[in-house]
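It should be emphasised that the depicted structure is a prediction, and the values quoted were computed from it without experimental measurement. Heavy-atom basis, side chains included; hydrogens, waters and symmetry copies ignored.
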Amino acid sequence: KTLALATPGASFEAALRAGLDETARLLLSHEWKREDGVPMRISQVLVDSNWGQSTAVVRNFCRSTPFAAQILPSRGKGVGASGTPMGPRKNRGDRGGLNWLVGKTAEGVQIEATYDTNFWKTFTSARLRLGLGDPEAIMFHAGSHEMLIEHLVAEFPVRVEARGRSVDEWKSVARENHFWDCLVGAAVAASITGLEPAASEGGFRKRKKVSIPAGPDGRRVITTKRLK
């Protein structure tokens, strides 16, 4: 059901606002049950504000909706191999994380989330390829998902090396990718809420850092024991 059919006679802006209001109500006004029956609520939603025609409507919605505490406008930025990686923060009051930044917009009137689309698409793609049972695997319920799968394979990565960095830069195959963008945005939203991955960007397990205690003379010594 399209926005035009749902709101006959409305302008683009009015139809978009009505769609955002109804979507927020459906997602955020009630609990969702996990497989084990535990009720959960959605704690963070990102709404793409990067399309110029909709930017003002999206930002106004995020400010004025009754669910404003759970919703942020967002925009993706593809940082290539020759670009500068996103730092933890740019300005005082900003909040930064794993290749994302939450801070004021350029106009300085609203908080917005910005994230590196190349990093997060590689991150999400890696979780889609993990095996069943892996704690970080992204899985879908049984059923027909043809349209979803078409969107998930609407882009492909190209490995680019420049300035000492190696980055997967994602390219489109010229078809709709909306659900892919939504899945990537959901991963960013989870990170913003404080969830941390147990694996690296590409899905490999992180190595744990350990501290080696220093001896009386300040030197650090590792003692090994041979197993019989």
So the ring pair (Phe, Tyr, Trp, His ring centres under 6.0 Å) pairs with at least one residue in residues 30-55 (sequence neighbours excluded) are Phe12-Trp51, His30-Trp32
Could you give all pairs that pass the salt bridge (Lys or Arg N to Asp or Glu O under 4.0 Å) test and reach residues 140-149, with sequence neighbours left out?
none
Run the numbers on Leu128 and Leu183 for side chain to side chain contact (heavy atoms under 4.5 Å, CB included), then give the verdict.
CA-CA 10 Å; Leu128 286 169; Leu183 183 60; 4.1 Å; yes
Counting the benzene-type ring for Trp, do Trp120 and Trp170 have ring centres under 6.0 Å apart?
no
Counting N and O atoms only, with roles assigned by atom type, does the side chain of Ser49 sit under 3.5 Å from a partner on the main chain of Val58, one being a donor and the other an acceptor?
no
Listed by chain and number, what are the side-chain contact (heavy atoms from CB on, under 4.5 Å) partners of Leu195, not counting sequence neighbours?
Ala190, Thr193
Which residues pass the side-chain hydrogen bond (donor to acceptor under 3.5 Å, both in side chains) test with Thr84, sequence neighbours left out?
none
So does Ala81 get a backbone contact from the side chain of Glu169, meaning a donor-acceptor N/O pair under 3.5 Å?
yes
Any side-chain to backbone donor/acceptor pair from Asp116 onto Asn99? Under 3.5 Å, distance only.
no
Determine, step by step, whether Arg59 and Glu112 satisfy the side chain to side chain contact (heavy atoms under 4.5 Å, CB included) criterion, reporting the C-alpha distance in whole Å, the side-chain angles of both residues, the deciding distance to 0.1 Å, and the verdict.
CA-CA 9 Å; Arg59 288 180 174 175; Glu112 187 172 62; 3.4 Å; yes
All heavy atoms of Asn118 vs all of Gly80, minimum pair found to be ND2-N, 3.9 Å
Residues in side-chain contact (heavy atoms from CB on, under 4.5 Å) contact with His145, at least two apart in sequence or another chain:
Phe140, His141, Leu148, Ile149
Here the gap from His151 atom NE2 to Glu176 atom CD, rounded to the nearest 0.5 Å, amounts to 5.0 Å
Would Asp21 and Thr23 satisfy side chain to side chain contact (heavy atoms under 4.5 Å, CB included), going step by step from the backbone distance to the final call?
CA-CA 6 Å; Asp21 284 331; Thr23 301; over 6 Å; no
Roughly how far apart are Glu22 CD and Thr7 OG1, rounded to 0.5 Å?
11.5 Å
Who pairs with Arg159 by salt bridge (Lys or Arg N to Asp or Glu O under 4.0 Å), at least two apart in sequence or on another chain?
Asp168
My understanding is that only residues two or more places apart in sequence, or in another chain, count here; which of them pass side-chain hydrogen bond (donor to acceptor under 3.5 Å, both in side chains) with Ser125?
Arg129
Closer than 3.5 angstrom, by distance alone: can the side chain of Arg127 be matched with the main-chain N or O of Thr122 as a donor-acceptor pair?
no
Measure the spacing between CD1 of Ile192 and CG of Leu98 and express it to the nearest 0.5 Å.
11.0 Å
Closest approach of Leu46 and Ala113, non-hydrogen atoms and distance?
CD2-CB, 4.2 Å
side-chain contact (heavy atoms from CB on, under 4.5 Å) filter on Glu150, not counting sequence neighbours, yields none
Can you confirm if the NZ or CZ of Arg63 lies within 45° of the ring axis of Phe61 and under 6.0 Å from the centre of its six-membered ring?
no
Where is the tightest heavy-atom contact between Thr65 and Arg17, given as atom of each residue plus distance?
N-NH2, 4.3 Å
For a side chain to side chain contact (heavy atoms under 4.5 Å, CB included) check, start with the C-alpha distance between Ile71 and Val47, then their side-chain angles and the critical distance, and finish with the verdict.
CA-CA 7 Å; Ile71 299 178; Val47 183; 3.8 Å; yes
Contact summary for Ala15 and Ala10, nearest pair of heavy atoms
N-CB, 4.1 Å
Within residues 34-44 or reaching into it, pairs that qualify as salt bridge (Lys or Arg N to Asp or Glu O under 4.0 Å) - sequence neighbours excluded:
Arg34-Asp36
Hey, quick one: are Val188 and Trp180 part of the same hydrophobic cluster, counting side-chain heavy atoms closer than 4.5 Å, chains of contacts allowed?
yes
Quick one: closest heavy-atom pair of Glu136 and Pro197, and the distance?
OE2-C, 3.2 Å
Approximate separation, where rounding is to 0.5 Å, of Leu16 CG and Ser11 OG
9.5 Å
The side-chain hydrogen bond (donor to acceptor under 3.5 Å, both in side chains) partners of Asn177 (sequence neighbours excluded) come to Glu155
Judged by modelled atom types alone, do Trp100 and Thr114 share a side-chain donor-acceptor pair under 3.5 Å?
no
To the nearest 0.5 Å, how far apart are SG in Cys62 and CG in Leu20?
7.5 Å
dist Ile42:CD1 -> Leu27:CG (nearest 0.5 Å) comes out at 4.5 Å
Under the side-chain contact (heavy atoms from CB on, under 4.5 Å) test, residues paired with Gln70 that sit two or more places apart
Leu28, Phe67
When you group the ILVMFWY residues by side-chain heavy-atom contacts below 4.5 Å and let the links chain together, are Met147 and Ile138 in the same group?
yes
List the residues meeting side-chain hydrogen bond (donor to acceptor under 3.5 Å, both in side chains) with Asn50, not counting sequence neighbours, and say none if there are none.
Arg75
